[in-house]
There are 2 protein chains.
Amino acid sequence: MTKLTDVAKAAGVSIATVSRVLNNPGSVNADTQQKVQQAIRSLNYKPSRVAQRLRSKGGNSKIIGLVLPDIQNPFYVDVIRGVEEAMYEKGYAAIMCNFAQNEDKERLYLDILQSESIDGLIVAPVHGRDQKVANMVLSGLPIICIDRGLTGVEADVVLVDNQQGAFDAISHLIKLGHQRIAYISGLPQIPTSKARLAGYEAAFKEHGLPVDETLIKYGDSKHESGMRLTAELLDLPTPPTALFTGNNLITLGALETIHSRGVKIPEEIALVGFDDMYWSISLNPPLTAVRQPGFEMGQRAAELLFQRIKDPARPTVKVVFDATLQVRSSCGAAAKNS
Amino acid sequence: MTKLTDVAKAAGVSIATVSRVLNNPGSVNADTQQKVQQAIRSLNYKPSRVAQRLRSKGGNSKIIGLVLPDIQNPFYVDVIRGVEEAMYEKGYAAIMCNFAQNEDKERLYLDILQSESIDGLIVAPVHGRDQKVANMVLSGLPIICIDRGLTGVEADVVLVDNQQGAFDAISHLIKLGHQRIAYISGLPQIPTSKARLAGYEAAFKEHGLPVDETLIKYGDSKHESGMRLTAELLDLPTPPTALFTGNNLITLGALETIHSRGVKIPEEIALVGFDDMYWSISLNPPLTAVRQPGFEMGQRAAELLFQRIKDPARPTVKVVFDATLQVRSSCGAAAKNS
DNA sequence: TTTCTGCTTGTAAACGTTTTCATAAGTTCT
DNA sequence: AGAACTTATGAAAACGTTTACAAGCAGAAA
């Protein structure tokens, strides 16, 4: 790798001058600048980000961390794409860490990121009282929480109105005449799970209906638990007439179990999922789902992070996107839009 | 951040000794070691990976690059998970770069990775003659190609027998009586697209049937092109009776177009896709697809990379996984397995 | 006692940058 | 012509590690 001294030698100047041409071009004579630029080009010099990062702590090493719970969940893939697009435009790189809903793994990755001296972090904390993340916020590292907030510490956060999304979904089912509506939750300690449960309960209350606790199941936010818990629900003496699934992967697991038993959707059981996917329409049947704008959320998180890196003192903000119900045929009310 | 000097001061030794405790514990006296370990723990010292990387070039900075064409494609998500699991076990971190089939973006990311002094790289090159990647291989950086090989340069590669997979898929359709079988290819310059086309043609040849060029369409490996090209095929005076889609996203696009026109699968058109997804069974109808073991491929690539980092002189290997046809009902021969 | 050997430990250089400080060479002003 | 600025550049320190080398000190061999 060519380095600063090589360029300096080729241009007949000192390394300080070369560095200045790179970082503060105004401060160097036009002729010298020419020579240096020339040398840089002809040697194809690229500064070492590692050395840059070691030397100048804070905010200009152009690398950030992105720590997410489950890369297999298409929602987070959208988030990644959103973040990544914004990063790319600014020449930033992201160290991507998928902690698979595992707190130990999250901690390890956060340690690594810290010791990589990242400029900032976008993270969906493993749960609301994530001490490690809270400490990092307190230590002054620019951090944006996405999808899940943090209790007890001031931090920027980008999320969706989960309660309202669930409320809309359940209300829709109730209006279609359903009363026995089951809910398969993701990991109960995750803030989104709680908010969605709250929306579920609020919808029942709003319509003067009682909540049947036996119809609420708690899983681990993954495909397998969707399969297993759906089976448990179908095995009840009086199975539910409708099912609300707490995320993407649970929905797909539920579909698999329902199909394997030959149960008809929506005739025998209606289905509404949290998290829409661009191919939800190609499922059997086309899935009614609550849509979170993952891509936009990712972009927004990245922008907020850039802001905070530039101005660490800016007051924290909370960006709440709407969750919108996409009605398709899996809950009976076939609609013709996508 | 606490640093080596802090620990050294606390333990009453020099920084060199602390460093030795960390990297070469055998070489230091047991008592001293105790003291140092103690100090490290009580100060919660974590070495700066940046400084480590700057100082000791090559092979022990525990960070690698992972450069993939399209994170929206679930196959690559499986690859990521496989790589990531293997990395995690060894305390490595990965800088994830999604170049979205865009050569400029790939180049930018490769530049960044180089200037981050990564230990190694796992990459699915944008095409077979990717000069940038080839140069990096030549420069001695440990590199494993995944999913796509590199022509003209010796490099480790992990992929699937794409030709055989396509051959099996088409043979299956031919045996079911289809003759007008369309193929929607991904980007034609990608090696996998070529291999799959070769398998398609080989199957026709094997069965003594002619290839109808008008039934072969080339897209960009994304959802939208699947939609558009399927529409073109359905608009033909004599539409195909079967469709073979060149990847995941094309398949989903094809499904969307087919459903939007109310065309029946498999009665009016049979469908076989390249790339299986764990939720293929929940599609409408359950999708017959060629399965690539993405997770295993990712794991294997990571292992090969570790090997190469340890022993840069090891001869290059080519690992070829089987592509297996998962028969479900989208091509007519309903089968009861998953 | 002297010399040698082996074991521990410390000193200092190096990795490739950025940045402070000093300096040299012009300018401008009196 | 000398003082006071301004502008352009270089020398050197610093970032936090690893590691080559030197050195101290014990015990063993002579």
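In the text below, chain A, chain B and the rest are named by the order of the sequence lines, each starting its count at 1.
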Item checked: Distance-only polar pair, side chains of A:Ser115 and A:Asp111, donor-acceptor under 3.5 Å -> no

Notebook entry, point to check: So, B:Asp147 versus B:Tyr76: side-chain donor-acceptor pair below 3.5 Å or not?
Noted result: yes

Can you tell me the distance, in whole Å, between the [atom1] atom of [X] and the [atom2] atom of [N]?
X	N	atom1	atom2	value
A:Asn23	C:dT17	CG	P	11 Å
A:Arg55	C:dA14	CZ	P	19 Å
B:Arg20	D:dT17	CZ	C1'	13 Å
B:Ile40	D:dT17	CD1	P	10 Å
B:Asp6	D:dC15	CG	C1'	14 Å
A:Ile15	D:dA12	CD1	C1'	9 Å
B:Glu116	C:dC15	CD	C1'	15 Å
A:Lys9	D:dG10	NZ	C1'	16 Å

Check: Would you call A:Leu68 and A:Ile146 a side-chain contact if the rule is heavy atoms closer than 4.5 Å?
Finding: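 They are in contact (side-chain heavy atoms under 4.5 Å apart), so the answer is yes.
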
Quick check for you: among [options], whose closest atom lies nearest to any side-chain atom of [X]?
X	options	result
B:Ala16	D:dG16, C:dA12, C:dT17	C:dA12
B:Lys3	C:dG16, D:dT17, D:dG10	D:dT17
B:Ser48	D:dG16, D:dG10, C:dT9	D:dG16
A:Ala51	C:dT17, D:dT9, C:dG10	C:dT17

Phosphate contact ([N] OP1 or OP2) by [X] side-chain N/O below 4.0 Å:
X	N	result
A:Ser19	C:dT17	no
B:Thr32	C:dT9	yes
A:Gln52	C:dT18	yes
B:Ser14	C:dG10	yes

Notebook entry, point to check: Heavy atoms under 4.0 Å, any strand shown: does B:Val50 hit a base, just sugar-phosphate, or nothing?
Noted result: nothing

Margin query: For B:Gly26 and B:Ser56, find the nucleotide of DNA chain C closest to each by heavy atoms; which residue's nucleotide sits nearer the 5' end?
Written below: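 Looking at the nearest nucleotide for each, B:Gly26 comes out on the 5' side.
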
Check: Between A:Ser139 and A:Asn135, does a side chain to side chain donor-acceptor pair (under 3.5 Å) hold up when you go through it step by step?
Finding: CA-CA 6 Å; A:Ser139 83; A:Asn135 288 338; over 6 Å; no

Next item on the list: Give the C-alpha distance, both sets of side-chain angles, the deciding distance and a yes or no for side chain to side chain donor-acceptor pair (under 3.5 Å) between B:Ser61 and B:Gln52.
Entry: CA-CA 7 Å; B:Ser61 58; B:Gln52 288 180 316; over 6 Å; no

